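Data block below; observations after.
The analysis underlying the following values was restricted to heavy atoms, covering all of them including side chains, and did not include hydrogens, waters or symmetry mates. Not measured: the values here are computed from a predicted model.
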Number of protein chains: 2
Amino acid sequence: MPESSARERIVDAAFDLFAERGYDATTVEDIAARAGVGRTTFFRQFRSKEHVVFPDHEQLLTAIAARLATATPRTAVVGVSEAAGLVLQHYLEEGERARRRYRLTRSVPALQERERAGIRQYERTFARHIHGWLGGTPETLLRAELIANAVVTGHNHVLRAWLRGQLATASEARRAFRAAMAEVESHVDVPGREAAPAEALPAVLVLRDASDLDRLLPQIRDLLG
Amino acid sequence: MPESSARERIVDAAFDLFAERGYDATTVEDIAARAGVGRTTFFRQFRSKEHVVFPDHEQLLTAIAARLATATPRTAVVGVSEAAGLVLQHYLEEGERARRRYRLTRSVPALQERERAGIRQYERTFARHIHGWLGGTPETLLRAELIANAVVTGHNHVLRAWLRGQLATASEARRAFRAAMAEVESHVDVPGREAAPAEALPAVLVLRDASDLDRLLPQIRDLLG
DNA sequence: GCCTAGACGGTACGCCGTACCGTCTAGGCT
DNA sequence: AGCCTAGACGGTACGGCGTACCGTCTAGGC
């Protein structure tokens, strides 16, 4: 019998129970029981009751770091924008669960803080790479932090608008995201902007199969048009 | 007998015990016992064990809001800078306790998150006022957040340098703070800068007594010279 | 067919944070 | 002066989180 993984069952059970009884009224034991696992297994999969609300955070963080690692000072602008875009894309694909999480975090202060802690990790990752592109000297540290914060703030701004339903479709969200990134670039001096004008660079796409193409097509069209 | 307040005794007991045994190895009951109060009273004074590490946070937050409330779009630049300066000044006056807190937060992740949560409140306060000066429309919200984050980031940058001992004296810290605020202003467009050149405005000082003058003299001199 | 490593469920415990209790004391009213 | 109410206090009890540790079971290599 093709059972889903224990981790996935725990996440589903948690979100269902949180929606039914609320976060505080749901105990870890309740979640474990509905997921069909022991309380011990819950804490093996997630460090705390709060962490189960953001099950893909670790994976997203490493994806961002990997994308930033491939960029150079010359390709910093597009690299930073794409790395932030990974997070947006993940939420867009997550769909309804992202909306449920948004409602949860809005009503539970502890989860709001947990989310901010995760966002802070994004900022640190961005700042670390940007600082490296700027030379890594103490004099450029503040500037790197300012840029990183601006990028993450811009991203969150668009993400929240989509979560609230102010941006109806995914492509509309992506359009707003590019506008926000442009505004961020106009307010802070991201390194490499003038050195590498976007028009001069050819676009290289790596697609595994047709589903990738379908999924990315709107973005590709937008970038080219 | 002129006993110090219970709140103050709790804070002193907590910092002493954290330095002796470490944060995790100190229980709330330990703190209450050394302070000569019941465990109940501890939680009446501080919402949690973490909050006792930042006893003046609430007061600082209201001081910032009060300072920002007196500013207008014309005086936004100096208002924002001074409001952030209130926090720096508080830490400088706090002296050794600020250093102890810094060592604590560096080694205890839970306290690091608590500190970030407090910083986030500062950002929100700044963003709210700046947003008002920008008109309070949805279009200016992102810009207000960007400016607020930049100001707070700049402040924290200087504060951390002082806490680490990289800035020896208080006046050196204040000088670095003004430099950081200038860099922030050069990266983001703080409203009111060009509309109200600093040279054209007279300086109005309100001093309660001579100690105020002594304390503020270095800043006054720097501003005028 | 055996044997070892790793994942599992179960149990016990320390401590946090909350709710609620009765007690005590300062300060206003008659 | 005597009373009386409001608020702060210490004490107790409890639910729940997160950790440590235990014995058990199962998959995979020799």
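Side chains of B:Asp30 and B:Thr27: a donor-acceptor N/O pair is present below 3.5 angstrom, by distance only.
Taking the side chain of A:Ser48 as heavy atoms from C-beta on, and the options C:dC16, D:dG18, D:dC17, the nearest nucleotide is D:dG18. Looking at the side chain of B:Thr40, the nearest of the listed nucleotides C:dC16, D:dT12, D:dC21 is D:dT12. Comparing D:dC9, D:dT19, C:dC16 against the side chain of A:Arg39 picks out D:dT19 as the nearest. For B:Val28, counting side-chain heavy atoms from C-beta on, the closest listed nucleotide (C:dC8, D:dG18, C:dC16) is C:dC16.
Taking 4.0 Å as the cut-off between side-chain N and carboxylate O, B:Glu123 and A:Arg120 do not count as a salt-bridged pair.
Here C:dT4 sits opposite D:dA27 as a Watson-Crick or G-U wobble pair (both hydrogen-bonding atom distances under 3.5 Å). When both distances must be under 3.5 Å, the Watson-Crick or G-U wobble mate of C:dT11 is D:dA20.
Between A:Glu29 atom CD and D:dT19 atom P there is a gap of 16 Å when expressed in whole angstrom units. Put simply, CZ on A:Phe42 is 8 Å from P on D:dG18, counting in whole angstrom units. If you take CZ of B:Arg114 and C1' of C:dC16, they are 13 Å apart, rounded to a whole angstrom. When the P atom of D:dC14 is taken as reference, atom CG of A:Asp24 falls 21 Å away, rounded to whole Å. Distance A:Gln45 CD to D:dT19 P: 15 Å, rounded to the nearest Å. In this structure, CZ of A:Arg7 is placed 12 Å from P of C:dC8, rounded to the nearest angstrom. The CZ-P distance, from B:Arg47 to C:dT18, rounds to 9 Å in whole Å. Rounding to whole angstrom units, CD of residue B:Glu50 and C1' of C:dC15 are separated by 13 Å.
More than 12 heavy-atom neighbours from other residues, nucleotides or ligands sit within 6.0 angstrom of CD on A:Gln166.
When each of B:Lys49 and B:Arg44 is assigned the nucleotide of DNA chain C bearing its nearest heavy atom, the one mapping closer to the 5' terminus is B:Lys49. Each of A:Thr26 and B:Val37 has a nearest nucleotide on DNA chain D; the 5'-most of these lies closest to B:Val37.
With respect to B:Asp12, the salt bridge (Lys or Arg N to Asp or Glu O under 4.0 Å) criterion is satisfied by exactly one of B:Arg34, B:Arg7, B:Arg97: B:Arg97.
Judged by the 6.0 Å and 45° rule, B:Lys49 forms a cation-pi pair with B:Tyr23.
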